[in-house]
Protein chains: 2
Amino acid sequence: MTGSASSMQQPPSRRIAGDLRRRIESGELRSGDKLPSERALAEQYGAARNTAREAIRLLTEQGLVTAKHGKGVFVREPQKLFRLGSDRYSVRNRETGLTPFRLEAERQGKVARIEVPSITRERPPTDIAERLQVSPDEESVVHRENHYFADDEPVQIVSTYLRWNEVQGTLLMQSRTGKDGIYGRLEELGHTMTRVRDEISARMPTPAEATTLKLLPGVPVLEVLHTSFDQDGVPFEVSRYVHRADRTGLLYELPVEG
Amino acid sequence: MTGSASSMQQPPSRRIAGDLRRRIESGELRSGDKLPSERALAEQYGAARNTAREAIRLLTEQGLVTAKHGKGVFVREPQKLFRLGSDRYSVRNRETGLTPFRLEAERQGKVARIEVPSITRERPPTDIAERLQVSPDEESVVHRENHYFADDEPVQIVSTYLRWNEVQGTLLMQSRTGKDGIYGRLEELGHTMTRVRDEISARMPTPAEATTLKLLPGVPVLEVLHTSFDQDGVPFEVSRYVHRADRTGLLYELPVEG
DNA sequence: TAGTGGTCTAGACCACGGT
DNA sequence: CCGTGGTCTAGACCACTAC
């Protein structure tokens, strides 16, 4: 508290955080390196431990470092991204027998696993009802919840919504949907996917999502609201994808109409 | 500190945060409502002010509430989203004389403004160099930085990279690029946009981004790395878009190849 | 002036990880 | 066992807002 008025712009916690950020960005502290302990930082800067702790918190919020209880605070390692391309809906991919997720996991040398925690008849959320063109006031949809893992690490949560009156009594009410997955069954019901729409947004996870995705603080999620349209322009399937943003990149390639 | 061992699973700060989250989700506290003050919460729960403050911090991190210095803590209002469609690169839109950004701002009844803080020759970042197929070791690109505002609120930061040897001495080195913008000039240079690739990710903002975008804590950014390809498949323009995620939705519509 | 959040202090005890 | 982060206490002063 000795500086002149002009040198006192920043509170100590910001100053400590700024110093650490610079040390990380300059390469002095590299991925995986351990930061000085909170108590050591406090002593170095002549501050209380809570002040050093606040500095660490700022960096954590920015996704730069991650704390490990009992061990220390470490510079976060950049993660290889799952690259989910716009061709992930292509029929060609179905014919390989590998889903896009399995393909991508394989590319990274990881083992893909998919769980189906629930398949239930429900009243749809309003955003889903609008897009699937069903009533939001009745139990008009079937909700299939899927969890995707790579090497037992959860990477995405998917909620797929289908029309109850169409899928009632079919394999689409089972967790094992047979050859070519749900799109194979939907094709038998007369829906050939000819167009898709993806609406993309990003936000911080809910506590529930943070738990199931095992998200560290400072990691946002990517939410994709996906709608499939058939040959008649009818939306026949809507899915909400929640991806952990530290492991996911989306890729869209498209022609530009003259 | 009176609960039995079995009822003590959660620390007080989480308990307070959980109670508040439930009150918000149940509708008891609505968008724009003021939460109890930190001191009031501390008293209600028989805790120190720092503990109540920690609870508020958790909610802020989750993007649920936002603090206003001197006024209080308020439930965050959902923002209307800028919907940036995949047709934003279409030539048709250029012919209207309105850029997609201006169109979208108009749709929301807001005034669009675009600043060009800098146009400089530079050595490209490696991810840009790869995609534009230029050398990362020379000053091989021109970097045009743009800031987009809606009603004087900043909503996106765009860095466009072009080949120095192509645009040297052209209008593309000026802030006013003439009719149809940069794509008009690039077409005169023989590059007709026929295909685009967008690579999308989400992350927490850097402090610099948080400042220029005036981001509140708990708001991530959407980053889009955009590449334009011409009639010969040559990448002739690469841009990095940084959008504030609380105001931006991306929309992609695409046909599915049989 | 009173009330609010923003920051800081100087302690304390707990839970976790490794020796 | 010791060192680490996780949480809490009971104060304090500052900065901002509104009256």
Side-chain angles (χ1 to χ4, degrees), chain A residues 1-18 20 29 32-61 64-76 207 210 214 216-218, chain B residues 1-20 29 32-61 64-76 207 210-211 214 216-218:
Chain A
M1 295 317 184
T2 57
S4 69
S6 68
S7 69
M8 272 297 295
Q9 322 89 330
Q10 278 208 138
S13 57
R14 304 261 173 113
R15 182 162 168 264
I16 300 174
L20 289 171
L29 288 166
D33 283 1
K34 188 172 166 302
L35 267 56
S37 76
E38 295 173 351
R39 286 160 177 95
L41 282 171
E43 203 188 354
Q44 277 174 45
Y45 284 87
R49 183 186 156 205
N50 271 353
T51 302
R53 186 174 171 76
E54 169 73 5
I56 300 286
R57 198 187 60 71
L58 289 167
L59 297 176
T60 304
E61 231 171 44
L64 257 188
V65 304
T66 180
K68 300 187 181 171
H69 197 166
K71 298 176 77 172
V73 178
F74 300 83
V75 181
R76 187 178 286 177
K214 291 188 194 155
L216 301 171
Chain B
M1 294 313 196
T2 56
S4 69
S6 67
S7 69
M8 271 297 296
Q9 325 89 327
Q10 279 209 135
S13 57
R14 304 257 174 122
R15 180 161 169 265
I16 300 174
D19 284 359
L20 289 171
L29 288 166
D33 283 1
K34 188 172 166 302
L35 266 57
S37 75
E38 295 173 351
R39 287 161 178 92
L41 282 171
E43 202 187 356
Q44 278 174 43
Y45 284 88
R49 184 187 154 202
N50 271 352
T51 302
R53 187 174 171 74
E54 169 72 5
I56 301 285
R57 197 187 60 71
L58 290 167
L59 297 177
T60 304
E61 232 171 40
L64 255 189
V65 304
T66 180
K68 300 187 181 172
H69 195 165
K71 297 176 79 171
V73 177
F74 301 83
V75 181
R76 187 179 284 177
T211 303
K214 290 187 193 154
L216 301 171

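Note that the structure is predicted; figures quoted are calculated from it, not measured. Chain letters run A, B, ... following the sequence lines, proteins first and then strands; every chain starts at 1. Computed from heavy atoms alone, side chains included, the values below leave out hydrogens, waters and symmetry copies.
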* To do: Could you identify which residues of residues 41-60 of chain B place a heavy atom less than 4.0 Å from some atom of DNA chain C, listed by residue number, or say none?
  => B:Arg49, B:Asn50, B:Arg53

Could I get a table of every N or O pair under 3.5 Å where one atom is in the protein and the other is in nucleotides 15-19 of chain C?
residue: C:dA15; atom: N3; partner: A:His69; partner atom: NE2; Å: 2.9

* To do: Return no unless some side-chain N or O of B:Ser37 is found under 4.0 Å from OP1 or OP2 of C:dT4.
  => yes

* Just how far, in rounded Å, is P of D:dA18 from NZ of B:Lys34? -> 12 Å

* Rounded to the nearest angstrom, tell me the gap between atom CD in A:Gln10 and atom C1' in C:dC8. => 16 Å

* May I have the distance from B:Leu216 (atom CG) to C:dG5 (atom P), rounded to whole angstrom? => 16 Å

* Asked: Are any of the side-chain heavy atoms of A:Leu29 and A:Leu35 separated by less than 4.5 Å?
  -> yes

* Sequence neighbours left out, what passes salt bridge (Lys or Arg N to Asp or Glu O under 4.0 Å) with B:Asp33? Give chain and number order. => none

* Is a donor on one side and an acceptor on the other found under 3.5 Å between the side chain of B:Thr60 and the backbone of B:Ile56? -> yes

* Rounded to the nearest Å, what distance is computed from the CD atom of residue A:Glu38 to the C1' atom of nucleotide D:dG3? -> 12 Å

* **Donor-acceptor pair, side chain of B:Thr211 and main chain of B:Pro207, under 3.5 angstrom** => yes

* Residues two or more places apart in sequence or in another chain: which of them pass side chain to side chain donor-acceptor pair (under 3.5 Å) with A:Glu61? -> A:Arg57

* Should the heavy atoms of other residues, nucleotides or ligands under 6.0 Å from CD of A:Gln44 be counted, would the total exceed 12? -> yes

* Asked: When the distance from CG of A:Asp33 to C1' of D:dT4 is rounded to whole Å, what number comes out?
  -> 17 Å

* For B:Ala210, all residues meeting side-chain contact (heavy atoms from CB on, under 4.5 Å), sequence neighbours excluded -> B:Pro205, B:Leu215

* Results of side-chain contact (heavy atoms from CB on, under 4.5 Å) for B:Lys214 - residues two or more places apart only -> B:Pro154

* To do: Classify the side chain of A:Arg39 versus the base of D:dG3 as yes if they form a donor-acceptor pair under 3.5 Å and no if they do not.
  => no

